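Here is the structure we will look at.
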Amino acid sequence: MAIFLGYAAATMVAVFCITHFFHRRLCCRHPLFTDYPILGMLPHLLRNMWRFQDFVTEVLKQHGGTGEFTGPWFTSMNYLVTIDPLNVHHVMSKSFHNYVKGPVFRDIFQAFGDGIFTADSETWKFNRDLFHSLFKQKSFEVFLEKTIHNKVQNSLLPVLDHVYQQGSVVDLQDVFNRFTFDNICSIVLGNDPNCLSVDFPEVEIEKAFNEAEETIFHRHVVPRCVWKLQKWLKIGQEKKMAEACIVLDEFIYSCIASKREDLSRYEENETGETFHVDLLTNLMREGKGKGEGEAHEDIFLRDAVFNLFVAGRDTLTSALTWFFWLVATNPLVEAKILEEMNEKFGSNEKTVLSAEEVKKLVYLHGAMCESLRLFPPIPFERKQALKADVLPSGHEVNPSTVILFCLYSMGRYEEIWGKDSMEFKPERWISEKRGNVYVPSYKFIAFNAGPRTCLGKDSSFVQMKMVATAILHKYHVEVVEGCIAKPNLSIVLLMKDGLKVKLTKRET
Ligand code: HEM
């Protein structure tokens, strides 16, 4: 009897598995790779994890720009992966209201709370309007420019001078990380921690942000049940995430508390002048999130600060690092950037150019767009449909489909950029009239497209150009032998092993 029951159970399992296997085959009509029984397409992906971005790019090109990825059986790892600009335009702009980040996104990006990056509908609109109104204030623009200017003049250049005098090798990515971290602290909190200094102090919060971002990437490539279990057991990458969140929360909440104290002191004696333009002060002044008491307001402020840190820190570090790597490995481009600087400003002794001045540099702008095309700091985006829909590429989506846009692969897609899509060619951004060529955001998607376009786009270009001109004016940057520029596995595209360089002073 027991043997018979055993056979019956085994037969039922076998029939169930075979049915499920064929059901998957029918449902997944545009597979990106081989769909193995039980493990789905995961083995193929994991085998190529070491070259994740390039592998995804190759596969998508072979499949006409769009295809499906299905993970292990009975997991929710079902992605429609696309680099088709018409799909981007449809989801990000034309049918914007039908596509959301969704609850699963918020679960994966839990550390972001209810901030602007994870929010949908009314919460997103509220955050968007709030940040938009803060960013567009003239006083904020002036404060931002002054902050960047001072940081370049008083920290970045002195640190690089020191490195040059010592004749040592420096990790430029680490330098930019510290630079952007100090800046974002000044801009958001009104307080510069001075991480960018010649002794390169260890920065715990910095590491915590990186851990959190790597964990979020990890949550995209392992089944939900696996990372949930890891989280519950507090092991592996999830253990690091839990520890990182404690560090980050302690840091942000203590900043909120001390800012509140500063403000009450300021209101008492009405003196101070400069510290009240930072974003946290502005958010507190606006009293947003206050309605339901101090604890509620603190959560709102914590989420706002966390989201601004991620928005304005790593993205700029990534953009600057890849830009300098491309310029250092393309001497002709470097020469043209210098020629333009010389043409516009002569051998100006001024070390840091102003926001207005850097806007005149057309070729530099082209070189930066080109770098962002090839190495978009946020390499992928994710959306889910509220109602079933058909994308312009003909692929059907329903509310359970996760749509992944691969920004890195889009930047290398011949259909958009032509046969030379893999080449670093700033000239493609320069028009015959020596202006910059406009490319719609659904093709050049580094800053996202549609109503959720990056709010820091213009200020990012200004900051990057101020940094780039200040460094290139003084130094020739040489990548040291053996330093391989390899993307990391995270939600922000940094260099896995940093960018190790040596500096040589330019003849003036
Ligand atoms: C090179 C630098 C930057 C790049 C490439 C970049 C790129 C992006 C991208 C791709 C998004 C969409 C993210 C998503 O929806 O998942 C985004 C959103 C956003 N960015 Fe940036 N960003 C940069 C710098 C900045 C800076 C410096 C700030 C300001 C501090 C900023 C503020 C924002 C905000 C507030 C959003 C949310 C917009 C929304 O959802 O409505 N970004 N950015």
Side-chain angles (χ1 to χ4, degrees), residues 88 91-93 96 99-102 105-106 108-109 112 114-136 140-141 143-145 147-148 176 179-181 183-189 213 216 220 278-280 282-283 303-323 365 368-369 371-384 403-408 410-411 441-442 444-468 491-494:
V88 173
V91 172
M92 302 292 194
S93 301
F96 176 73
Y99 291 91
V100 291
K101 301 247 172 153
F105 182 96
R106 275 188 285 284
I108 292 177
F109 285 72
F112 285 65
D114 276 332
I116 188 165
F117 276 103
T118 46
D120 282 317
S121 54
E122 286 312 305
T123 316
W124 166 73
K125 184 89 182 64
F126 172 81
N127 274 287
R128 174 100 191 168
D129 291 347
L130 176 62
F131 286 133
H132 189 244
S133 74
L134 293 179
F135 289 174
K136 74 167 200 273
F140 178 70
E141 278 178 24
F143 169 61
L144 188 77
E145 183 181 352
T147 307
I148 307 300
F176 291 144
F179 172 81
T180 55
F181 186 70
N183 278 333
I184 204 74
C185 285
S186 301
I187 293 161
V188 177
L189 308 170
E213 287 164 5
I216 291 171
H220 278 88
D278 64 81
L279 290 172
L280 181 56
N282 272 325
L283 287 169
D303 293 347
V305 168
F306 188 99
N307 280 258
L308 284 170
F309 263 73
V310 177
R313 187 191 70 108
D314 272 5
T315 47
L316 282 167
T317 300
S318 158
L320 282 168
T321 306
W322 290 105
F323 171 79
H365 187 81
M368 285 187 166
C369 290
S371 168
L372 288 162
R373 170 181 79 84
L374 289 167
F375 297 101
I378 299 186
F380 64 91
E381 291 271 343
R382 176 189 167 122
K383 288 271 181 159
Q384 250 171 302
I403 308 173
L404 278 187
F405 299 98
C406 298
L407 280 60
Y408 179 95
M410 266 186 93
S441 55
Y442 58 88
F444 175 52
I445 197 194
F447 292 98
N448 212 15
R452 291 193 84 139
T453 295
C454 172
L455 281 170
K457 180 177 174 182
D458 294 340
S459 78
S460 296
F461 273 118
V462 169
Q463 294 185 50
M464 284 162 58
K465 287 176 198 169
M466 283 169 79
V467 172
I491 52 166
V492 182
L493 195 76
L494 292 167

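In each ligand, atom 1 is the first atom listed, and ligand 1 is the first ligand listed. This is a predicted model, so every value here is computed, not measured.
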Subject >> Side-chain (N307) to main-chain (D303) donor-acceptor, under 3.5 angstrom >> reply: yes

Original post:
So which pairs with a foot in residues 120-130 pass salt bridge (Lys or Arg N to Asp or Glu O under 4.0 Å), sequence neighbours left out?
Top reply: R106-D120, D120-R452, K125-D129

Original post:
Taking the side chain from W322 and the backbone from L493, do they hold a donor-acceptor pair closer than 3.5 Å?
Top reply: yes

Original post:
Quick one: side-chain contact (heavy atoms from CB on, under 4.5 Å) partners of S93, sequence neighbours excluded?
Top reply: H89

Find all protein N or O atoms under 3.5 angstrom from an N or O atom of ligand 1 and list the pairs with distances, or write 'none'.
residue: ligand 1; atom: 15 (O); partner: K101; partner atom: NZ; Å: 2.6
residue: ligand 1; atom: 16 (O); partner: K101; partner atom: NZ; Å: 2.8
residue: ligand 1; atom: 16 (O); partner: E381; partner atom: OE1; Å: 3.1
residue: ligand 1; atom: 40 (O); partner: W124; partner atom: NE1; Å: 3.4
residue: ligand 1; atom: 40 (O); partner: R452; partner atom: NE; Å: 3.1
residue: ligand 1; atom: 40 (O); partner: R452; partner atom: NH2; Å: 3.4
residue: ligand 1; atom: 41 (O); partner: W124; partner atom: NE1; Å: 2.8
residue: ligand 1; atom: 41 (O); partner: R128; partner atom: NH1; Å: 2.7

Subject >> Qualifying residues under salt bridge (Lys or Arg N to Asp or Glu O under 4.0 Å), relative to E145, sequence neighbours excluded >> reply: none

Subject >> K101 side chain vs F117 backbone, donor-acceptor pair below 3.5 Å >> reply: yes

